[in-house]
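Below you'll find the structure, written out as structure tokens, and then a few comments.
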Amino acid sequence: MSASPPYLEVAVAAPLPQTLTYAALRDGRVAKPGQRVLVPLSGRLLTGYVLALSEEKPEFRLKPIADLLDDFPVFPEKLVPFFRWVARYYHYPIGEVIRGALPGGLTSQSGRRLKITEAGLHYFQREQPQLIQDTPWLANLTANKKLSAATVRKLWRGKERRLIEQWAEQGLLTVEQIISGASIGQKTESCVLLAQEAASPETLASLKPSEAKTLALLEEMRTPAAQGIPRRELTALYRGAGKPLAALAAKGLISLVERPVYRDPFGETPPFFPRPAQLTVDQENALAQLNPAIRQKKYSAFLLHGVTGSGKTEVYLQAAETTLALGRSVLVLVPEIALATQLEAHFLSRFGETVALLHSGLARGERFDQWQRVVSGEARIVIGARSAIFAPLGDPGLIIVDEEHDGAYKQEDSLRYQGRDLALLRGSQGGATVLLGSATPSLISYQHALSGKYTLLTLPARIENRPLPQVELVDLQAVNTVSGRPPLFSPQLKQALRATLSRGEQSLVFLNRRGFAGCMLCSDCGQAVQCPHCRITLTLHKGRGELVCHYCGFATNSRTVCTNCRSLNLAPIGFGTERIEEELTGMFPKARIARLDHDTTRNRQDFLRILRAVHEREVDILVGTQMITKGHHFPHVTLVGIVWADAGLGMPDYKGGERTFQLLAQVTGRAGRGEQPGKVIVQTHQPTHYSIAAARDHDYPRFFAKEMGLRKALGYPPFSRLINLVLDGEQEEGVQSRASLLAAKGKSLLPRYRRTAILGPAPAPLARLRGRFRWQILLKGPDLEELHGLCLELEQEQSRLGAAVNLSVDVDPENML
DNA sequence: AGCACGCCGACT
DNA sequence: GTCGGCGTGCTC
């Protein structure tokens with residue numbers, strides 16, 4: 001056996017642009033790629049991730065690794081090139097990429113814990129009561145005798161540090177170096193094991209009644225596999241089993257052991273979906289192309305364009321079967337909110353135990369457990385939101401991105417990645433088949449399908465040949481009202497709702513804006529009440545009695561005064577889902593009306609509860625935001641009303657047309673998925689707009705052609721690429737001048753980047769967000785190499801200029817807001 | 001990020 | 001003259 005290579009390439013969990021090299025552990029223990037280690041970095045200890053081992057000695061002096069944090073890798077070595085690519089492409093420190101990819105609670109670092117000594121306690125309480133009163137952390141310390149590492153970290157940075165060091169020298173307190181931060185471990189549960197040999201008659205005779213009862217129960221519960229009976233299950237049957245258990249253990253009849261358990265993330269049992277007896281011809285055709293590609297074990301990409309209700313899920317399931325049969329694993333990405341819905345239940349029904357779930361709704365511990373099941377190879381199918389693209393599967397042979405057009409695949413803070421794009425990357429690096437599915441593909445994916453980069457698969461018909469719903473456009477300009485302003489509900493929509501109610505069928509009413517009113521307008525000075533942190537108008541939420549900022553969550557009492565002139569005359573303007581709900585209640589007092597949006601679904605349970613109520617036909621009219629469009633099947637919905645289709649068209653955003661089409665097509669697809677045909681009423685001010693007209697006709701190709709023409713004319717993606725540089729800071733002037741400096745620097749470099757243009761600097765569309773001022777610079781051009789090169793030079797310039805202003809880089813931005 | 005090193009004002 | 005404030009720059 002050869003000695004392990006002495007040098008390790010480590011990505012440290014700190015914002016360093018490069019990896020660092022360390023010498024192997026002094027004690028001879030070996031660290032493998034994918035393992036976490038504790039490494040010294042400028043006088044402290046931090047978590048690092050081993051990326052590679054090497055024989056080559058670098059020319060600088062090396063420090064050795066301080067400790068191993070894991071016995072086994074936390075991610076497979078195969079992910080290393082993926083992490084490297086992500087870090088480079090998205091201009092993000094590789095250690096932070098990996099830290100973010102791993103489940104939370106796995107990052108250790110050195111810290112300090114403060115304890116107060118007896119002498120210190122006397123001193124402060126006798127001599128310095130005033131000081132304790134005035135200093136919250138000292139009060140905390142004297143009360144609890146110690147301070148956590150997290151608290152000390154904050155103090156250490158401030159000027160308290162010197163004070164603490166002085167007091168420590170005087171013996172009033174002690175400072176202890178500790179390793180802290182890793183808060184997650186394996187959860188165990190105690191299990192009862194029955195003794196191998198039968199107990200002697202004397203022993204049995206000596207048992208108390210409670211002990212005999214316990215033993216009898218255990219005999220009954222004994223499983224053939226003999227892996228122990230969870231104590232929890234026993235005490236559920238017999239509350240008083242605790243004491244007898246201890247006695248039985250003392251007598252040698254049983255033993256008690258701790259077994260690792262996985263916390264169950266599935267909450268409640270999802271519905272069971274049986275395998276369909278037969279596939280449609282279109283499904284057969286799709287699989288006839290997919291299965292051979294999967295068996296090739298080489299990279300290939302498919303776009304499955306299937307109208308809503310056409311049976312994409314069954315194609316996913318059978319492709320997954322093919323992949324599992326090859327001994328490879330399957331990764332399924334879904335938009336966050338669509339989790340716990342149809343798709344998940346289908347995979348659980350078909351594959352059961354081998355499915356792991358990764359999404360943000362899991363508690364930290366649950367997420368850790370799911371991760372462990374994947375690393376260990378126990379789970380071979382992962383279903384998760386965008387971050388599941390980092391799932392530690394060793395050899396995914398199929399990567400599915402459901403609803404690939406969905407904006408939720410783009411992460412809009414910290415590491416700003418596109419989950420769908422990374423699915424394609426991971427597939428190409430690992431020789432996997434990538435399957436993108438959508439009823440309304442993104443422009444870019446459809447273009448790749450047409451150009452042959454992906455193979456296009458289509459499911460043009462709904463299963464059982466159910467017709468697509470009939471869509472009626474209502475021109476709001478043409479609706480007469482007393483006030484001259486268009487009403488919320490046109491006569492056509494009202495009439496249709498009434499008719500649907502009287503038939504005992506369900507309706508969906510859709511508006512992509514929550515809250516009650518758009519904003520509160522001051523009748524005296526004409527200004528809208530704004531968020532003090534974000535410079536956008538606050539939205540009235542009547543039920544909560546609050547004005548709420550939809551960007552930072554700031555909330556204030558709705559009985560407020562005008563921030564400009566302090567007038568009390570505030571009037572609600574505009575409308576949201578809450579207002580729609582109220583109006584509907586007025587119009588149809590007997591109807592059962594429910595609302596599905598961010599306000600009514602604080603968590604997954606609320607969300608599922610409302611969905612179930614709709615499913616059980618306990619709801620006649622469901623009002624909602626785009627949340628209602630995501631992956632749900634409502635068989636009894638026969639009417640969909642879209643209150644205001646133009647809501648997304650006025651945004652300062654090149655994707656407005658695409659979003660509007662997708663949204664309308666998706667909402668429209670909710671109607672008539674059961675046996676009754678569906679009807680859709682779309683209210684709009686722009687009935688001739690191409691996005692709206694094409695959605696009415698279910699005509700994706702027509703929308704695609706028109707939108708591509710517009711993008712080409714304006715030089716927007718996919719005809720160019722973008723990198724957005726967003727600067728933010730506390731001082732408005734500082735941010736603005738930094739933006740100007742960087743833009744000027746960039747422009748001076750343009751002779752070397754001839755195909756690239758710089759737009760800006762300009763205030764970001766949200767010029768103030770969470771109390772910070774924001775400016776942006778947009779790099780635009782067809783040459784990706786140039787864009788990245790220029791971006792790197794600007795980042796260097798930015799780091800020279802200092803940290804008072806923060807720069808974040810958004811590669812392939814989708815949402816300029 | 002956060003620690004070390006280094007360079008200027010108010011104190012023994 | 002020192003202590004201690006904060007501004008660059010580096011971290012294997």
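Any value given below was found using the heavy atoms of this structure, including those in side chains, with hydrogens, waters and symmetry copies removed. Naming convention: chains lettered A, B, ... in sequence-line order (proteins, then strands); numbering from 1 in each chain.
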note: A:Leu41, atom CG; C:dC12, atom P; distance rounded to Å ~ 5 Å

Which part of the nucleic acid, if any, lies within reach of A:Tyr22 when heavy atoms closer than 4.0 Å are counted: base, sugar-phosphate only, or nothing?
sugar-phosphate

Give the ring-plane orientation class for A:Phe124 versus A:Trp167, where under 30° counts as parallel, over 60° as perpendicular and anything between as tilted.
perpendicular

Lys/Arg-Asp/Glu bridge criterion (N-O < 4.0 Å) met for A:Glu732, A:Arg774:
no

Would A:Arg416 and A:Asp810 pass as an ion pair if we require N to O under 4.0 Å?
yes

When the distance from CZ of A:Arg61 to P of C:dC12 is rounded to whole Å, what number comes out?
8 Å

Going by an N to O cut-off under 4.0 Å, is there a salt bridge joining A:Arg99 and A:Glu96?
yes

Look for any protein N or O under 3.5 Å of an N or O in nucleotides 2-7 of chain C and output each such pair with its distance, or none.
from	atom 1	to	atom 2	distance (Å)
C:dG4	OP2	A:Arg162	NH1	3.0

Enumerate the residue pairs fulfilling salt bridge (Lys or Arg N to Asp or Glu O under 4.0 Å) with a member in residues 784-794 of chain A, sequence neighbours excluded, ordered by first and then second residue.
A:Arg752-A:Glu793

To the nearest Å, give me how far apart CZ (A:Arg800) and P (C:dG9) are.
10 Å

Using whole Å, what does the distance between atom C1' of nucleotide C:dC10 and atom CZ of A:Arg44 come to?
11 Å

For A:Ala743 and A:Ile777, work out which heavy atoms get closest and say how close.
N-CD1, 3.7 Å

Between the side chains of A:Glu814 and A:Lys410, is the shortest nitrogen-to-carboxylate-oxygen separation below 4.0 Å, so that they form an ion pair?
no

Check every strand shown and say whether A:Pro40 touches a base, only sugar-phosphate, or nothing at a heavy-atom separation below 4.0 Å.
sugar-phosphate

Begin with the C-alpha distance, continue with both residues' side-chain angles, and end with the deciding distance and a verdict on ring-ring contact (aromatic ring centres under 6.0 Å, His included) for A:Phe390 and A:Phe82.
CA-CA 9 Å; A:Phe390 299 109; A:Phe82 184 66; 5.8 Å; yes

Can you tell whether the side chains of A:Glu176 and A:Lys115 come within less than 4.0 Å, N to carboxylate O?
yes

Between P on C:dC12 and CG on A:Leu25, what's the gap in Å once rounded to a whole number?
16 Å

Rounded to whole Å, the CG-P distance (A:Leu62 to C:dC10) equals 19 Å

With a 4.0 angstrom cut-off to heavy atoms of chain A, pull out the first and last contacting nucleotide of DNA chain B, in 5'-to-3' order.
B:dA1 to B:dC3

